[in-house]
Amino acid sequence: MRIAVVGSGYVGLVAGACFAELGHEVILVDNDQQKVATLQAGGVPIHEKLLPELLARHRGQRLTFSADLRGAVKQSAAVFIAVGTPSTEHGEADLSYVESVARGIATAINEYKVVVEKSTVPVYTSEWIRRVLLRNAAAPDQFDVASNPEFMREGTAVVDFFYPDRILVGANNPRCAAALREIYASMTDGSYYRRPDAIPGPEAARVPPPLIMTSTQSAELIKHACNAFLAMKISYINAVASVCDAVGADVQQVREGMGSDHRIGPSFLNPGIGYGGSCFPKDLKAFRAVARERGYEFRLLDEVMRINEEQREHFLKRVRGALWTLRGKRLAVLGLAFKGGTDDIRESPAIALVEMLLQEGCQIAAYDPAAMERARQLLKAGVEFAGNPYEAARGADALLILTEWEEFAKLDLKRMYGQLKDPIVIDGRNLYDPATMAAQGFTYYSMGRPLATPENAAVEAAPARKIGNS
Ligand code: UGA
């Protein structure tokens, strides 16, 4: 099928490349001429596993880039809207980019097209898109609006696209539903997975993935409800971790005990410094705003957000508890991205903490495997950027782990011990087993687990956190 994807941010770029991989002819549209030129010239603007390979495979063949929205719409049978939906100051989703794209699409419709929302949007956005198309002279029988939310995570977006728990399509009539079915047919009939060059998936992947068809309104709501639920799980375990701290229990053990109940499950129960990123914080606010607008005060979401903010304060308290005064202290910070596997620092709790520590008068030496370039533009003064974790730790009063990068869970502990001025580690992501750290001579603070010191190295070994499939 000929597909236009409008917006070449994380969602649009990955989805566009993946549609091309499924065999469709894709035009990726962006109004940022420079971005289009970069993509045309072979550049990859974001750090995302397997994306460079997919772009190299299809660029200039089944995948082209353009700044011409009208031209792309004219040539395509389906148009995916994947532009940004930032938060307004009141927490609602700002849909002005979506509206302006819808106006652009209306003026180019020359035959039947399916217009598909791919960005996360509030319920009833599809209805608004339909009205905008009609107001801008599109004929009612020349288009349908569908919702096809994605559940890709940054860092594993390509694999998440091909191996989803489900494909969700919201369509209010059979013609439009049939077009969406066709787009995903090679996944739902399993033929994509039999290709020798198919992107390999995780062992536990559900192949072929189920296709869930709903109304457009339900699909829009499912996406917000999922993200809010996942954020709630994180805040829940963070609250449990605070209770563990207060009573001397071990949250890692509590989590295992909870997660083995199949109704709860172990995923998204890693305590830490709170969730961040371009999705959860924005989507929770938008979901709350949608509910409020329709007369429902979703107070549970207020509490999820409050606990999330509080985690940073908890962590800061832990640093103070370890070092007493902060002014003039030199701290090594591992991790700036909002989570491991990405260079994205949007709403990163790690960045927020670095800013709080700078305010307290600390000197920071930071290292992140992918996000330093972006962080450098944001954190102008007072931060040194190191070439590796050991360089960051040289002469530091303590080592702080703020992002769950896999490489931070595999540090050479002897080497690290030799670098630090004081062997103090404050781990905001529970990447290490406390007993091991104590046995290596560290004073080790983590989230929701007892303090481990060389003096109390006999702390019962508790499993460290596994990275990768949270
Ligand atoms: C999230 C959802 O997981 C995706 O399903 C969804 O498609 C995406 O938002 C979106 O709406 O586009 P993402 O923002 O990439 O994906 O990141 P997650 O892997 O969900 O992590 C979000 C944050 O929660 C990170 O800061 C991470 O460190 C934190 N987290 C995650 C925890 O603190 N504990 C956990 O157990 C899991």
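Whatever order the structure lists ligands and atoms in, that order sets their numbers, starting from 1.
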Open item on the list: Whether Arg166 engages the ring of Phe151 as a cation-pi pair (distance to the six-membered ring centre under 6.0 angstrom, angle to the ring normal within 45°) should be assessed.
Closed with: yes

Going by the order shown, which atoms of ligand 1 are within less than 4.0 Å of some heavy atom of [X]?
X	result
Phe280	1 (C), 2 (C), 3 (O), 9 (O), 20 (O), 22 (C)
Glu154	15 (O)
Arg429	28 (O), 33 (O)
Glu404	27 (C), 28 (O)

Do we see a donor-acceptor contact under 3.5 Å between the side chains of [X] and [Y]?
X	Y	value
Tyr444	Asp427	yes
Tyr192	Glu21	yes
Thr120	His224	no
Lys282	Thr85	yes

TODO: Just let me know how Asn270 lines up against ligand 1, side chain, backbone, both or neither, with a heavy-atom cut-off below 4.0 Å.
DONE: both

Task: Leu269 and ligand 1 - part of the residue with a heavy-atom distance under 4.0 Å - done: backbone

Side chain or backbone, does [X] bring an N or O within less than 3.5 Å of an N or O on ligand 1?
X	answer
Gly276	yes
Glu150	yes
Arg153	no

Considering [options], which one's heavy-atom position lies nearest to [atom]?
atom	options	result
atom 18 (P) of ligand 1	Lys339, Lys233, Met447, Met152	Lys339
atom 12 (O) of ligand 1	Cys279, Gly274, Ser278	Cys279
atom 24 (O) of ligand 1	Phe338, Phe151, Tyr275, Phe268	Tyr275

Considering non-hydrogen atoms only, spot the tightest contact between [X] and [Y] and give its length.
X	Y	value
Ala398	Ile426	CB-CD1, 4.4 Å
Val5	Gly16	CG2-CA, 4.0 Å
Leu300	Met232	CD2-SD, 3.7 Å

